[in-house]
Every structure is written in C-alpha cells, then in structure tokens.
J.: 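Have a look at the structure that comes next, please.
Residue numbers count from 1 along this sequence.
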Amino acid sequence: MLLTLLGLLSATAFYYYGFGCWFAERLRLEYLRYGVPHLRVILGTLQVLGSTGILLGYWSAPIGAAAAIGLSLMMAIGLAFRWHLGDAFRLMIPAVALAVLNAVLAVLFLVA
C-alpha cells in the first residue's frame, strides 16, 4: 500500500515536471536562467521515462528501483546545481522532497 501510494505520487510529480519541460514557458525560462536551455528537453524526457519506470516497478521491482534511484540522483544533481546558483532554500524544497521520496521508493522496491 505504501509503495503504491508513494510510487503514484512520484510518477505524477515527474510526469508533471517532465511534460512541463517540454511545453511550459515557465520551465523554458527557468532552464534559460540556469544557463542550460539545451538540457531542458533531455531532462524532461528522463523524467517521463523515470515516471514510467516507477509505474512498471509494480510488475518488475528491479525496474522500479532503477527508476527511483535515477530520479533521486537527478534531484540530487539538481539540488547541487541550485546550491551553486545561490538559490534560496525554499526553491529547493521540491527537489529535496522528490530526492528523499525516490530514495525511499528505491528501498521499498528492493525489499518488495
């Protein structure tokens, strides 16, 4: 039950951000501010693939664990990048929450 709930939460969040990277003007401007506009579509695609992997994890735990680890690492790198830019901590809270959520998911998939 916990694995299902957390997996759906993660998949929903990463589908939202992944598709946002493809289509949302706000995120296009954010990646421009980061100085890496060329990574926007690539990272959005990785987020959508990671979300799909989380959902596939309900049938294949190793796929779910790999996807959760990948998404957690992506958020950790994103946090380091935001730290380097000097962003306020409040702007980092979603990335912190998603990094922790996916680390927990990875463990849950591995013990499932």
Side-chain angles (χ1 to χ4, degrees):
M1 175 69 172
L2 180 62
L3 176 63
T4 301
L5 179 65
L6 295 180
L8 288 174
L9 179 62
S10 174
T12 300
F14 279 103
Y15 276 130
Y16 174 79
Y17 284 112
F19 286 118
C21 284
W22 293 346
F23 303 112
E25 179 69 9
R26 174 184 65 83
L27 286 175
R28 188 187 69 75
L29 294 174
E30 194 71 4
Y31 278 85
L32 193 59
R33 179 179 78 87
Y34 298 155
V36 291
H38 57 285
L39 294 180
R40 178 178 53 90
V41 173
I42 294 167
L43 292 174
T45 301
L46 290 173
Q47 291 174 0
V48 169
L49 290 173
S51 298
T52 303
I54 293 291
L55 297 178
L56 290 174
Y58 297 131
W59 293 276
S60 174
I63 291 173
I69 290 167
L71 290 171
S72 191
L73 287 173
M74 183 186 301
M75 291 297 95
I77 293 167
L79 280 167
F81 201 77
R82 281 187 172 269
W83 182 271
H84 176 73
L85 290 175
D87 281 355
F89 180 74
R90 67 178 172 73
L91 297 174
M92 298 181 206
I93 292 173
V96 170
L98 289 170
V100 171
L101 168 65
N102 281 282
V104 169
L105 266 176
V107 171
L108 291 175
F109 276 122
L110 290 171
V111 300

J.: Do the side chains of Val41 and Met74 join up, straight or via other hydrophobic residues, at under 4.5 Å, putting them in one cluster?
T.: yes

J.: Measure the acute angle between the ring planes of Phe23 and Phe19, then classify it against the limits of 30° and 60° as parallel, tilted or perpendicular.
T.: parallel

J.: Using side-chain heavy atoms (C-beta onward) and a distance below 4.5 Å, is Val36 in contact with Phe81?
T.: yes

J.: With side chain to side chain contact (heavy atoms under 4.5 Å, CB included) as the test, would you mind laying out the steps for Leu8 and Ile54 before giving the verdict?
T.: CA-CA 8 Å; Leu8 288 174; Ile54 293 291; over 6 Å; no

J.: Measuring from Leu27:CG to Leu32:CG, what's the distance to the nearest 0.5 Å?
T.: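 Rounded to the nearest 0.5 Å, the CG-CG separation comes to 12.0 Å.
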
J.: Please report the interatomic distance CG(Leu6) to CE(Met1), rounded to the nearest 0.5 Å.
T.: 10.0 Å

J.: Between the side chain of Ser51 and the main-chain N/O of Tyr15, is any donor-acceptor distance below 3.5 Å?
T.: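 At least one qualifying donor-acceptor pair exists.
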
J.: Could you check whether the rings of Tyr34 and Tyr31 sit parallel, tilted or perpendicular, using 30° and 60° as the cut-offs?
T.: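 Rings of Tyr34 and Tyr31: perpendicular, over 60°.
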
J.: Which distance, rounded to the nearest 0.5 Å, do you find between the CG of Leu98 and the CG of Leu71?
T.: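 One finds 8.5 Å between CG of Leu98 and CG of Leu71.
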
J.: Give me the atom names and distance for the closest heavy-atom approach of Ala67 to Gly50.
T.: CB-O, 3.5 Å

J.: Mind checking the CG-CZ spacing from Leu3 to Phe109? Nearest 0.5 Å is all I need.
T.: 4.5 Å

J.: Can you give me the closest heavy-atom contact between Val96 and Phe89, atom names plus distance?
T.: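 In this case the closest contact between Val96 and Phe89 is CG2-CE1, 4.4 Å.
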
J.: Please step through side chain to side chain contact (heavy atoms under 4.5 Å, CB included) for the pair Trp22 and Thr45, ending with a clear verdict.
T.: CA-CA 8 Å; Trp22 293 346; Thr45 301; 3.3 Å; yes

J.: For Ser60, check side-chain hydrogen bond (donor to acceptor under 3.5 Å, both in side chains) against everything at least two apart and list the hits.
T.: none

J.: Looking only at non-hydrogen atoms, find the nearest pair between Gly44 and Cys21 and report the distance.
T.: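 Closest approach of Gly44 to Cys21: CA-CB, 3.6 Å.
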
J.: When the aromatic ring centroids of Tyr17 and Phe14 are compared, is their separation below 6.0 Å?
T.: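 They do not qualify: ring centres at least 6.0 Å apart.
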
J.: Can a donor-acceptor pair be found, under 3.5 Å and without considering hydrogens, that links the side chain of Arg82 to the backbone of Met92?
T.: no

J.: Looking at Leu105 and Ala68, what are the two nearest heavy atoms and their distance?
T.: CB-CB, 3.9 Å

J.: Is there a continuous path of hydrophobic side-chain contacts, each under 4.5 Å between heavy atoms, that joins Ile93 to Leu79?
T.: yes

J.: Same cluster or not: are Leu43 and Leu91 linked, directly or through other Ile, Leu, Val, Met, Phe, Trp or Tyr residues, by side-chain heavy atoms under 4.5 angstrom apart?
T.: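 No, Leu43 and Leu91 fall in different hydrophobic clusters.
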
J.: Evaluate whether atom NE2 of His38 has more than 12 neighbouring non-hydrogen atoms of other residues, nucleotides or ligands under 6.0 angstrom away.
T.: yes

J.: What are the two closest heavy atoms between Ala99 and Ala76, and how far apart are they?
T.: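 Closest approach of Ala99 to Ala76, heavy atoms only: CB-N, 4.5 Å.
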
J.: For Leu56, give me all partners under side chain to side chain contact (heavy atoms under 4.5 Å, CB included), at least two apart in sequence or on another chain.
T.: Thr52, Ile63

J.: About how many Å separate CG of Leu73 and CG of Leu46, when rounded to the nearest 0.5 Å?
T.: 12.0 Å

J.: Please answer: with hydrophobic residues joined when any side-chain heavy atoms are less than 4.5 Å apart, are Trp59 and Leu2 in the same cluster?
T.: yes

J.: Can you tell me how far CE of Met75 sits from CD of Gln47, rounded to the nearest 0.5 angstrom?
T.: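 Going from the CD atom of Gln47 to the CE atom of Met75 covers 5.5 Å.
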
